[in-house]
Amino acid sequence: MRLSRYFLPVLKETPSEAQIVSHRYMLRAGMIKQAAAGIYSWLPLGFRVLKNIERIVHEEQQRAGHIPMLMPTLQSADLWRESGRYDDYGEEMLRITDRHGRDMLYGPTNEELITDIFRSHVGSYKDLPLTLYHIQWKFRDEIRPRFGVMRGREFYMKDGYNFDVDQASAIHAYNRHMVSYLRTYERMGLQAIPMRADSGPIGGEDTHEFLVLADTGESEVFYDSAITDLKMGDRAVDYDNWDDCAAIVREWTAPYARTDETHDAAVFAEVPQERQRRSRGIEVGQIFYFGTKYSEAMGARVVNDKGERVPVHMGSHGIGVSRLVGAIIEASHDDKGIIWPEGVTPFHCGIVNLRQGDEAADAACEALYASLKALGLEPLYDDRDERAGGKFATMDLIGLPWRITVGPRGLKNGVVELTSRRSGVSEEMTPEMAVERIAEVYAHHHRAAHAQPMPQRAFHTWI
Ligand code: ATP
Ligand code: MG
């Protein structure tokens, strides 16, 4: 993309309404614009990051064997009356009446709708296990929307639902989700710690929240620092193997890690003192096993292998896709701007032309641009007729992990400069070498992310 033809409305001033760094940088970098309280338009740069996060979520869901679909944002109140949640959900539910006087709502979540789909089409244990998911906008009329996309009213969420014939199989689904979530967040360059949590209005016993450590997080968290040493890395996981998934869950749930809702000071005291940590965290996902709560209320039953009609065991599992954009910035920035992890960056690298209009500089930039594109990479070429200082400030603010700087002086010696946004280190090298280095970084990244092949049934057309 050439910056002269893009839409990147960067702000010089720090917007006064933004209280936390991610919100400030998202506004300043022209990623979002508020449309109404807690409701945002995603401008082109923000939209690219949102879509990258969404793609990783899709890939890891499907790697775990979960099936994508799409349910609507608007739902009929009738289903929610069946489950009893139409009254229970309270003020956060946006209720709408259509022209015929029918009660509708903008879905805050989809347990009822998916259970209705399930009961209409599935009747036998032979069709299980089944996990369906979608990524769709949600609405919760939060009393205090704040921190930009972190606590919006309209937000983008992946929600998945597992259906299993019995509790043991549903626990495997729970474990499988935990493993796939760990991998999802790692691919985004994040450490999200699973913490035992409180189930709230969804109900049920087993639930973990995934928290990214950040001072601006809304949750108070207590954990054993040993948990921060754990990595999924590129280990191969057989998602159909109950023991493999359970072993990984044991590894991550052995060290103490809880939110204030479930914190137990006596148990925490048993953690060696030098490893006790108390901090704040941003919730970027949650998994639940809730058994037969919805299937009993809504009559979702299957015939088991003994010929009995039993209520199906369910769980639901959410990832805050739009909140993650803010959470990643909270975890990865400096005083000049955002520092995108390679996995989610909106462009793979920036090209800064120090002397637009100089024949040699323009030609070198065009050649770099073409070679990067030919390798399947998407550079953002700052081809505007602007001062170098302004170009650098924009690049630092929008946080692309790599920058190639091209100027007449370097070109006389046959070199350009390659700069890492994270380390700030610059190196001179030939343009060919710079392209090779960037290509290698992303190839390495891609190999690590896909060390385990996608299952055949994976579907790649969502982008
Ligand atoms: P919170 O406690 O932050 O209000 P929640 O526990 O009610 O969230 P879930 O029902 O678990 O939310 O939703 C799944 C995920 O969706 C959350 O882990 C979070 O990342 C994201 N999410 C929830 N509410 C919002 C919101 N208002 N704005 C943006 N993302 C949200
Ligand atoms: Mg939650």
Side-chain angles (χ1 to χ4, degrees), residues 20 22-23 26 32 34-40 42 46 49-50 53-54 56-57 61 73 85 88-94 106-114 133-161 174 177-178 181-182 184-185 188 190 192-204 206-214 216-221 258-262 280-290 293-294 315-331:
I20 61 170
S22 58
H23 190 193
M26 286 184 75
I32 50 168
Q34 184 175 308
I39 304 177
Y40 291 87
W42 290 79
V49 178
L50 186 71
I53 292 172
E54 180 180 1
I56 292 174
V57 172
Q61 284 304 300
T73 52
R85 283 209 295 182
D88 291 353
Y89 212 93
E91 298 273 8
E92 275 189 19
M93 180 184 279
L94 181 64
Y106 194 126
T109 174
N110 284 59
E111 280 82 5
E112 284 77 2
L113 206 51
I114 196 81
Y133 78 93
H134 72 162
I135 301 180
Q136 177 61 290
W137 294 96
K138 304 289 185 290
F139 197 95
R140 295 185 189 169
D141 205 353
E142 302 274 355
I143 187 161
R144 260 200 324 148
R146 57 180 187 159
F147 300 162
V149 300
M150 298 263 261
R151 181 163 299 283
R153 293 197 297 163
E154 188 187 50
F155 61 97
Y156 205 38
M157 172 172 141
K158 169 261 163 182
D159 43 324
Y161 305 87
Y174 185 86
H177 276 87
M178 185 180 290
Y181 276 30
L182 290 169
T184 302
Y185 299 122
M188 297 173 190
L190 279 180
I193 304 175
M195 302 204 178
R196 182 155 287 288
D198 201 33
S199 62
I202 291 193
D206 276 302
T207 176
H208 280 86
E209 289 176 348
F210 292 77
L211 287 113
V212 172
L213 300 174
T216 47
E218 292 185 295
S219 316
E220 188 173 18
V221 299
R258 298 194 191 181
T259 63
D260 50 1
E261 288 167 352
T262 54
R280 303 200 69 82
I282 302 166
E283 182 194 328
V284 292
Q286 185 161 14
I287 55 177
F288 292 94
Y289 163 64
F290 47 69
K293 177 180 155 104
Y294 295 90
S316 70
H317 315 277
I319 294 181
V321 174
S322 51
R323 178 180 287 181
L324 272 163
V325 181
I328 292 170
I329 298 173
E330 289 296 324

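As the structure lists them, so they are numbered: ligands from 1, and atoms in each ligand from 1.
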Structural part of [X] in contact with ligand 1, heavy atom criterion under 4.0 angstrom:
X      : result
Met150 : backbone
Val149 : backbone
Glu283 : both

Indicate yes or no for a side-chain donor-acceptor contact from [X] to the backbone of [Y] under 3.5 Å, with no hydrogens or angles considered.
X      : Y      : value
Tyr174 : Thr207 : yes
Arg140 : Pro108 : yes
Arg153 : Ala37  : yes

Given [options], which has its nearest heavy atom closest to [atom]?
atom                    : options                        : result
atom 13 (O) of ligand 1 : Met157, His317, Gln286         : Met157
atom 23 (C) of ligand 1 : Phe155, Phe147, Phe210         : Phe155
atom 21 (C) of ligand 1 : Ser322, Ala327, Gly320, Ser219 : Gly320

Query - Test of ring centre spacing under 6.0 Å for Tyr181 and Phe210 - result: yes
**Report entry** Residue Gly285 vicinity, atoms of ligand 1 by number, heavy atom under 4.0 Å
**Finding:** 18 (O), 20 (O)
Report task. Give me the ring orientation class for Phe290 and Tyr294: parallel if the planes are under 30° apart, tilted from 30 to 60°, perpendicular past 60°. Result -> perpendicular
Query raised in the report: Is Val284 in contact with ligand 1, taking contact as a heavy-atom separation below 4.0 Å?
Result: yes
Query - Atoms of protein origin (N, O or S) under 2.8 Å from the Mg ion (ligand 2) - result: Glu283 OE2, Gln286 OE1
Report task. Evaluate the salt bridge (charged side-chain N to carboxylate O under 4.0 Å, His left out) criterion for residues Arg146 and Glu218: first the C-alpha distance (whole Å), next the side-chain angles of each, then the deciding distance (0.1 Å), finally the verdict. Result -> CA-CA 11 Å; Arg146 57 180 187 159; Glu218 292 185 295; 2.7 Å; yes
Test your reading of the structure: does [X] have an N or O sitting under 3.5 Å from an N or O of ligand 1?
X      : value
Arg153 : no
Glu209 : no
Glu218 : no
Gly318 : no

Query raised in the report: Only one of Tyr40, Trp137, Tyr106 clears side chain to side chain donor-acceptor pair (under 3.5 Å) with Glu154; which?
Result: Tyr106
Query - Qualifying residue for side chain to side chain donor-acceptor pair (under 3.5 Å) with Asp159, from Gln286, His317, Lys138 - result: Lys138
**Report entry** Nearest heavy-atom neighbours spanning Ile282 and Ala214
**Finding:** CD1-CB, 3.7 Å
Report summary line: Heavy atoms of Ala197 and Glu209 approach each other most closely as CB-CG, 3.4 Å
Report task. Apply salt bridge (charged side-chain N to carboxylate O under 4.0 Å, His left out) to the pair Glu111 and Lys293, showing each step before the final yes or no. Result -> CA-CA 10 Å; Glu111 280 82 5; Lys293 177 180 155 104; over 6 Å; no
Query - side-chain hydrogen bond (donor to acceptor under 3.5 Å, both in side chains) against Ser322, all qualifying residues, sequence neighbours excluded - result: none
